[in-house]
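In what follows, chains carry the letters A, B, and so on, assigned in the order in which the sequence lines appear, proteins first and then strands, with residues in each chain numbered from 1.
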2 protein chains.
Amino acid sequence: MYTKYNVMIQHANISEPIYLRLKEMILNGELKQGEKIVQEKIADMLGVSRTPLMKALLALENEYLVESIPRRGMYIRSWDKKEIIDIYICREAIEGMAARLLAQSKDENIIKQLRDCFSPFLNSKEINLDAYTEADEVFHSLLIKLTGNAPLDKIYFFGNIHEKVIGHGLIRPPEETLNEHFKIIKAIEKGDADAAEQFAREHIKKSRELLFDQ
Amino acid sequence: MYTKYNVMIQHANISEPIYLRLKEMILNGELKQGEKIVQEKIADMLGVSRTPLMKALLALENEYLVESIPRRGMYIRSWDKKEIIDIYICREAIEGMAARLLAQSKDENIIKQLRDCFSPFLNSKEINLDAYTEADEVFHSLLIKLTGNAPLDKIYFFGNIHEKVIGHGLIRPPEETLNEHFKIIKAIEKGDADAAEQFAREHIKKSRELLFDQ
DNA sequence: ACATTGTATTTTGTATACAAAATACAATGT
DNA sequence: ACATTGTATTTTGTATACAAAATACAATGT
């Protein structure tokens with residue numbers, strides 16, 4: 001694996017693990033929204049210098065997790081309800097298009113991979129929530145990746161991050177969403193691009209609306 | 001302006017002008033696709049050190065203009081036809097959604113701003129190509145910005161860059177696209193979200209298909 | 001002639017030094 | 001008591017030094 005390779009060679013770029021660690025710290029709340037990142041302090045904490053830390057911070061800035069105010073410093077971004085909703089709207093556009101593209105591709109292997117995400121849950125009476133959350137994440141990532149459209153994946157990645165940060169992995173119960181997932185898959189299987197896009201969008205829209213009403 | 005401010009204070013972040021200069025060099029071919037960026041060489045050329053250059057390069061990497069191979073260096077990315085088409089597909093998804101959102105907003109001021117882009121060309125017999133190219137760029141940017149959806153703007157920015165890099169500012173003649181632009185605006189004005197999205201998508205799709213057939 | 005090894009040179013990744021800007025806070029004035 | 005000014009401290013932005021990796025290329029062997 002990539003990471004192992006980095007460990008093997010002594011003088012590899014240390015920015016990647018810093019980046020991952022910082023992301024983790026933002027996700028689990030060790031670094032709070034709005035908090036200022038004092039570079040030397042964090043660098044000392046992680047046992048590195050400011051140079052690779054800066055690299056990691058710039059990567060995080062590009063993912064919208066960190067905000068830079070020139071000459072003032074880097075701050076952990078804070079997200080209000082409006083921004084979360086806006087991200088869901090982006091996902092509607094991107095995942096909708098992805099479903100459309102997949103429907104047009106008519107590739108059996110694609111259908112199989114999508115079905116495989118949720119087949120373990122089809123005949124189980126009690127759905128394991130952790131497993132389903134994981135499957136849900138894989139499904140939505142696959143939807144994008146399987147299009148083979150690299151730029152689409154790149155712009156989706158940004159939104160995906162946010163969803164994880166905000167921390168509502170599952171907004172609605174599996175009983176409700178499992179069926180929606182299969183509606184999307186079946187439309188793709190049939191090659192019905194309009195329906196595939198429509199279902200993919202509605203699926204996200206429902207979660208967004210529920211989030212909004214809270 | 002922001003830039004002027006940077007010139008006024010002595011010790012401001014020098015990364016921004018480096019970033020802009022490098023982007024310019026990529027756009028106008030001073031730096032060629034696939035070319036390696038030898039950091040010290042470019043830093044000397046621009047009269048700065050490697051530290052702010054690296055910042056600029058990381059920003060460009062996030063815009064997909066530059067590619068980093070760890071321990072090997074930074075390279076100017078090269079784009080094949082597939083990737084250009086993929087970017088157009090992204091634009092279809094994003095601009096389509098933007099048109100939909102604007103149609104739902106029913107804001108007179110929005111309609112006015114969109115109309116203003118092309119009103120100078122309405123009664124002119126001979127359309128100035130440079131002015132129209134500029135107006136076209138403004139219109140497509142406005143379409144996104146006016147939604148007030150910051151994440152949407154952010155992910156669009158990435159695709160927009162590319163279009164400029166690739167350098168086909170205008171793929172089709174104004175006589176053909178002017179009408180399409182107004183079809184989009186009128187659908188937004190009517191509040192017909194479906195039509196607005198549809199027209200916005202078709203507009204981009206036509207350019208994409210023309211590009212593909214070449 | 002071509003492949004392989006070993007050495008010199010170049011280039012990257014990281015740490016660090018230093019100047020300028022930002023910030024904290026005490027001293028002073030009203 | 002509160003605002004304002006001035007000074008000390010902190011922090012950022014940039015340049016630079018240095019080690020390790022990558023690369024170029026000559027020397028050697030087949």
Side-chain angles (χ1 to χ4, degrees), chain A residues 1-23 25-26 30-32 34-62 65-77, chain B residues 1-23 25-26 30-32 34-62 65-77:
Chain A
M1 287 298 294
Y2 180 66
T3 320
K4 275 191 182 166
Y5 178 74
N6 271 345
V7 170
M8 274 158 60
I9 56 173
Q10 302 92 315
H11 192 93
N13 70 323
I14 208 172
S15 303
E16 179 79 7
I18 297 175
Y19 160 84
L20 292 171
R21 179 73 187 105
L22 284 176
K23 189 138 90 176
M25 288 171 81
I26 297 171
E30 279 181 80
L31 293 170
K32 291 191 194 72
E35 188 176 328
K36 182 175 181 184
I37 296 164
V38 179
Q39 292 175 25
E40 200 111 22
K41 204 179 98 189
I42 303 290
D44 279 0
M45 188 191 287
L46 301 178
V48 295
S49 78
R50 279 168 58 211
T51 312
L53 173 66
M54 198 58 192
K55 268 194 181 178
L57 287 173
L58 287 169
L60 290 167
E61 190 190 1
N62 274 287
L65 290 177
V66 155
E67 190 177 12
S68 163
I69 303 174
R71 271 257 148 242
R72 290 283 181 77
M74 298 282 224
Y75 296 82
I76 307 295
R77 282 208 56 187
Chain B
M1 288 297 293
Y2 180 65
T3 322
K4 277 191 181 167
Y5 178 73
N6 272 345
V7 170
M8 274 159 59
I9 56 174
Q10 302 93 315
H11 191 92
N13 69 324
I14 209 173
S15 303
E16 178 80 6
I18 298 176
Y19 160 84
L20 290 171
R21 179 72 187 105
L22 284 176
K23 189 139 89 177
M25 289 170 81
I26 297 171
E30 279 181 80
L31 292 170
K32 291 190 193 71
E35 189 175 328
K36 181 173 180 186
I37 296 165
V38 179
Q39 292 176 24
E40 200 112 20
K41 205 179 97 189
I42 303 289
D44 280 0
M45 188 191 286
L46 301 177
V48 295
S49 77
R50 279 169 55 211
T51 312
L53 172 65
M54 197 58 191
K55 267 194 183 179
L57 287 173
L58 288 168
L60 290 167
E61 190 191 2
N62 274 288
L65 290 177
V66 156
E67 190 176 13
S68 164
I69 303 175
R71 270 260 148 237
R72 289 284 180 79
M74 298 283 222
Y75 296 82
I76 308 296
R77 282 209 56 185

Dump the intermediate steps for side-chain contact (heavy atoms from CB on, under 4.5 Å) on Met54(A) and Leu58(B), then the final yes or no. CA-CA 10 Å; Met54(A) 198 58 192; Leu58(B) 288 168; over 6 Å; no
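Although no hydrogens or angles enter the test, the distance criterion places a donor-acceptor pair under 3.5 Å between the side chain of Lys36(B) and the main chain of Arg72(B).
Note: CG (Leu53(A)) to P (dT14(C)) measures 11 Å, nearest angstrom. For Ile18(B) and dG13(D), the CD1 to C1' distance is 11 Å, given to the nearest whole Å. In this structure, the NZ atom of Lys55(A) is 10 Å from the P atom of dT12(C), given to the nearest Å. A straight line from CD1 of Ile14(B) to C1' of dA20(C) spans 13 Å, rounded to a whole angstrom. Taking atom CE of residue Met54(B) and atom C1' of nucleotide dT11(C), one finds them 12 Å apart after rounding to whole Å. Per the geometry, CG belonging to Leu58(B) stands 14 Å off C1' belonging to dT14(C), to the nearest Å. Rounding to whole angstrom units, CG of residue Leu57(B) and C1' of dG13(C) are separated by 14 Å.
Between Leu60(B) and Ile76(B) the shortest side-chain heavy-atom distance does not fall below 4.5 Å. In this structure the side chain of Ile42(A) never reaches within 4.5 angstrom of the side chain of Ile18(A), judged on heavy atoms. Here the side chains of Leu53(B) and Leu22(B) are in contact, with some heavy-atom distance below 4.5 Å. Within the 4.5 Å cutoff, the side chain of Tyr75(A) has no heavy atoms near those of the Ile37(A) side chain.
Annotation: side chain to side chain contact (heavy atoms under 4.5 Å, CB included) contacts of Glu67(A) (sequence neighbours excluded): Arg77(A). The side-chain hydrogen bond (donor to acceptor under 3.5 Å, both in side chains) test applied to Tyr19(B) returns Lys23(B), Glu63(B), not counting sequence neighbours.
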Dot-bracket summary - DNA chain D, pairs being Watson-Crick or G-U whose distances fall under 3.5 Å, with | when paired to another strand: ||||||||||||||||||||||||||||||
Identify each atom pair where a protein N or O and an N or O of nucleotides 23-25 of chain C are less than 3.5 Å apart, giving names and distance.
from: dT23(C); atom 1: OP1; to: Arg72(A); atom 2: NE; distance (Å): 3.4
from: dT23(C); atom 1: OP2; to: Arg72(A); atom 2: NE; distance (Å): 3.1

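Regarding contacts with the backbone of dT12(C), every side-chain N or O of Ser68(B) stays at 4.0 angstrom or more from both OP1 and OP2.
Sorted by first and then second residue, the pairs that involve residues 37-56 of chain A and meet side-chain hydrogen bond (donor to acceptor under 3.5 Å, both in side chains), not counting sequence neighbours, are Gln39(A)-Arg50(A).
Backbone-only contact: Ile37(A) has heavy atoms under 4.0 Å from sugar-phosphate atoms and none from a base. As judged by a 4.0 angstrom heavy-atom cut-off over every strand, Ile69(B) is placed among residues making no nucleic acid contact.
Salt bridge present: Arg21(A) and Glu30(A) bring a charged side-chain N and a carboxylate O closer than 4.0 Å.
Counting all heavy atoms, side chain and backbone alike, Pro52(B) lies closest to Ser15(B) at O-OG, 3.6 Å.
A heavy atom closer than 4.0 Å to some atom of DNA chain C occurs in Val48(A), Ser49(A), these being the qualifying members of residues 39-49 of chain A.
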